[in-house]
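Nothing fancy with the numbering, it's 1 onward along the sequence. Since the model is a prediction, treat every value here as computed from it, not as a measurement.
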Amino acid sequence: MENLRETEWNGYKKIEFTVGGRLSYIVCPETEAPGKPWVWRCEFFGAFDSVDRALLKQGWHLAYHKVSDMYGCPEAVAMMHEFYTDVTEHFCLSRQPALFGFSRGGLYAVNYALTYPYEVSLLYLDAPVLNIADWPCGIERFAREGKECMDWFHLTPETLHEFKGNPIDHTEEIAASQIPVIIVAGAADTVVHWDKNGAIFDARLREHGGIIHTIVKPECDHHPHSLEDPRPVTDFINAHTDFAPKLPNTLYRLTRDKKLNVAYFGGSITELGLENGWRGRNTAWLRAQYPDAEITEIQAAIGGTGSFLGVFRCERDLLAYKPDLVYLEFAVNDYHGWQNTSVNMESIIRKIRAYSPYAEIVIVFTLTKMFRDNLDAGIPFRSRDLQMRLARRYSIPTVNIGDALWRVIKSEYAGDWAPLAPDTVHPNAKGYAPCAAEMQAFMENALLGETHTLHTYTVPDPLNESLRMSARMEDATAAHTDGFVLVEESLCKRYPHYIEGDAGSSLTLEFFGDTIGVYWMMAKDSGYIEYRIDGGEWTKRIAWDTYCPRFNRAKDAILAANLEPAKHTLEIRVLSEQAGESEGCKIRIGAFLVS
């Protein structure tokens with residue numbers, strides 16, 4: 001971001017600047033709305049802007065980045081994302097703007113949403129171009145624009161009609177991302193024909209279960225855009241976007257029941273820090289704000305674990321303590337197996353909802369240098385995107401405390417993580433401060449007002465198939481053992497006890513399900529097992545790695561998955577073979593993971 005200067009636009013402060021050498025604007029409201037929502041006008045800033053102005057009065061920012069005459073091609077989308085990254089970080093705007101696609105701006109808006117679906121809250125498309133074969137390539141008087149457009153998409157007149165990169169070809173993805181869409185268009189449009197653009201997009205989006213509302217002006221041509229009275233559009237936008245969500249049941253528990261069980265379910269960034277971490281500071285803030293309420297903290301975060309282990313330990317470590325408010329933080333540890341990540345997180349959400357329709361959930365996003373570097377290199381934060389999709393589906397608020405940390409690292413330390421997160425993953429006390437402040441700002445707004453009754457949260461149809469609703473931990477003592485002994489000590493402070501076996505020890509477990517694993521200790525003296533399912537071939541597995549000489553830790557390991565959902569028999573025997581530099585051959589198991 002360069003060449004910043006402050007000007008004026010219709011009585012509002014306007015900040016002009018360049019990103020990538022291209023002209024950009026931000027128009028600031030007199031009073032910012034909570035959550036800092038913003039309209040991103042993809043093309044024709046200031047034209048037919050009744051909706052833009054109405055939202056500006058409501059506290060929204062307006063933004064524009066000039067990538068004209070590029071027709072929403074991939075290069076334009078990349079430039080738009082550079083702009084998005086700069087303005088969200090510099091001005092601390094919401095991570096999910098509403099994109100306004102007027103005329104050819106429809107190509108920019110929809111193509112950006114297809115590429116970065118979780119960076120978009122809503123699409124307002126007005127007389128939108130959604131099919132380049134119609135405009136500009138299908139109208140003779142727009143031959144220059146048609147040639148430009150085909151050049152950007154690397155097309156010729158011969159290949160144009162084979163092109164499958166139009167927004168009308170990708171309605172299924174928009175529907176799957178649950179991005180609300182409102183279209184305003186003229187049925188008599190002689191430039192961007194309604195029947196070849198908006199009508200097709202509308203029908204296909206509805207067919208795929210998308211969220212769409214369409215207003216067709218029967219006698220209207222391409223102009224005028226929008227509506228004289230913007231309220232039908234602003235009402236839709238306000239009904240389908242929530243930049244300052246509330247936690248009414250948490251407020252009820254605090255102010256009426258005078259009792260709240262608040263749980264933290266995640267990884268090491270949530271577990272660590274104690275009173276200086278974001279978790280400790282958040283609980284302390286709640287207690288300070290509501291001194292008459294009995295607030296119990298449920299610390300259910302385990303370092304180095306993601307939603308995969310989380311779905312198995314959900315009942316034991318979380319729901320058994322009857323939480324009223326749950327913070328979920330798993331994204332930075334869910335860095336592989338994207339489909340499994342989505343299945344596991346959705347299963348956890350639905351388990352919480354099944355436990356209580358009144359329990360409230362907040363999804364928390366943290367950040368590490370690796371993920372930040374990946375984002376800068378154009379590599380998406382896939383686990384975060386998947387969780388954003390689930391949050392949208394289940395109406396769960398999200399708080400990005402990792403971005404708050406990064407803003408300070410970038411602005412005050414020139415991108416150097418060492419002063420605030422020396423290992424580039426875990427913040428120190430100073431680094432946790434902006435994380436906690438971001439959460440506090442969210443909570444202050446979420447608990448505004450008053451409530452007289454508990455709200456019931458409904459459960460929509462699942463997004464994923466084959467959810468792990470039966471995933472559970474079964475205590476290792478459930479197995480029939482030979483040579484294993486029960487040790488009444490904790491498994492690395494993660495499980496209350498474990499069974500321990502040396503070379504020659506064996507066990508048998510009967511279970512019902514399609515997945516079986518172990519929750520065991522990786523220790524400096526651990527070794528190998530071999531196992532088989534239902535009398536099949538023996539398979540070898542190691543319980544030791546190069547970290548073991550430095551410290552012992554609890555770890556999950558899946559032994560078999562995608563079995564037929566039925567009764568099965570697991571057999572394990574401990575081998576005498578020594579693993580690497582291990583000091584022994586011991587195997588210690590706290591529980592079995594069964595689904």
Original post:
Under a 4.0 Å N-O cut-off, is there an ion pair linking Asp202 with Arg206?
Top reply: yes

Original post:
Within a reach of under 6.0 Å around CD of Glu30, are more than 12 heavy atoms found that belong to other residues, nucleotides or ligands?
Top reply: no

Original post:
Can you tell me if Asn445 uses its side chain to pair, donor with acceptor, with the backbone of Ala244 under 3.5 Å?
Top reply: yes

Subject >> Set of salt bridge (Lys or Arg N to Asp or Glu O under 4.0 Å) partners for Arg141, sequence neighbours left out >> reply: none

**OP:** Check whether more than 12 heavy atoms from other residues, nucleotides or ligands sit under 6.0 Å from atom CD of Glu172, and answer yes or no.
**Re:** no

Subject >> Residues Ile211, Gln178; criterion side chain to side chain contact (heavy atoms under 4.5 Å, CB included); working and verdict >> reply: CA-CA 7 Å; Ile211 303 167; Gln178 296 287 286; 4.0 Å; yes

Subject >> For His90, the option from Lys410, Arg407, Met1 that meets side chain to side chain contact (heavy atoms under 4.5 Å, CB included) >> reply: Met1

Subject >> Glu346 versus Tyr394, side-chain donor and acceptor atoms under 3.5 Å >> reply: yes

Subject >> Thr366-Glu329 side chain donor-acceptor pair, cut-off 3.5 Å >> reply: yes

Original post:
What do you reckon, are the aromatic ring centroids of Phe330 and Phe265 less than 6.0 Å apart?
Top reply: yes

**OP:** Mind telling me whether Phe91 and Phe17 have parallel, tilted or perpendicular rings, with 30° and 60° as the class edges?
**Re:** tilted

Original post:
Could you walk me through whether Leu122 and Leu99 pass the side chain to side chain contact (heavy atoms under 4.5 Å, CB included) check?
Top reply: CA-CA 6 Å; Leu122 177 140; Leu99 269 62; over 6 Å; no

Subject >> Asn428 side chain vs Gly431 backbone, donor-acceptor pair below 3.5 Å >> reply: yes

**OP:** Of all the heavy-atom pairs spanning Val67 and Tyr108, show the shortest one and how long it is.
**Re:** O-OH, 2.7 Å

**OP:** Test His208 against Glu173 for side chain to side chain donor-acceptor pair (under 3.5 Å), laying out the working first.
**Re:** CA-CA 9 Å; His208 294 303; Glu173 292 95 314; over 6 Å; no

Original post:
Does a side chain donor of either His222 or Thr190 reach within less than 3.5 Å of an acceptor in the other side chain?
Top reply: no

Subject >> Check: Trp40 ring centre within less than 6.0 Å of Phe100 ring centre >> reply: no

Subject >> is_close_aromatic(Tyr112, Tyr116), centroid dist under 6.0 Å >> reply: yes

**OP:** Spell out, as yes or no, whether a donor-acceptor pair under 3.5 Å connects the side chain of Asn166 to the backbone of Asp169.
**Re:** no

**OP:** Answer yes or no: is there an ion pair linking Glu16 with Lys14, defined by an N-O contact shorter than 4.0 Å?
**Re:** yes

Original post:
Side-chain donor-acceptor pair under 3.5 Å between Trp278 and Thr270, yes or no?
Top reply: yes

Original post:
Passes side chain to side chain donor-acceptor pair (under 3.5 Å), Tyr327 versus Arg279? Steps please.
Top reply: CA-CA 9 Å; Tyr327 295 95; Arg279 170 176 57 87; over 6 Å; no

Subject >> Full working for side chain to side chain contact (heavy atoms under 4.5 Å, CB included) between Phe201 and Leu125 >> reply: CA-CA 11 Å; Phe201 191 87; Leu125 309 176; 4.2 Å; yes

**OP:** Quick one: sort the His213 and Phe236 rings into parallel, tilted or perpendicular, breaks at 30° and 60°.
**Re:** parallel

Original post:
Considering all heavy atoms of both residues, which atom of Val51 and which atom of Ser226 are nearest to each other, and what is their separation?
Top reply: CG2-OG, 3.7 Å

**OP:** Decide whether Arg95 and Asn400 meet the rule of one side-chain donor and one side-chain acceptor closer than 3.5 Å.
**Re:** no

Subject >> Pair Arg41 + Asp49, salt bridge at N-O below 4.0 Å >> reply: no

Original post:
Does a donor on one side chain sit under 3.5 Å from an acceptor on the other, for Glu145 and Tyr71?
Top reply: no

Subject >> Tyr457 six-ring face occupied by Arg353 cation (under 6.0 Å, within 45°) >> reply: yes

Original post:
Are Trp9 and Phe45 close enough that their ring centers fall under 6.0 Å?
Top reply: yes

Subject >> Aromatic centroids of His65 and Tyr84 separated by under 6.0 Å >> reply: no

Original post:
Is the distance between the ring centroids of Phe102 and Phe48 less than 6.0 Å?
Top reply: no

Original post:
So, Arg372 and Glu89, do they make that salt bridge, N to O below 4.0 Å?
Top reply: yes

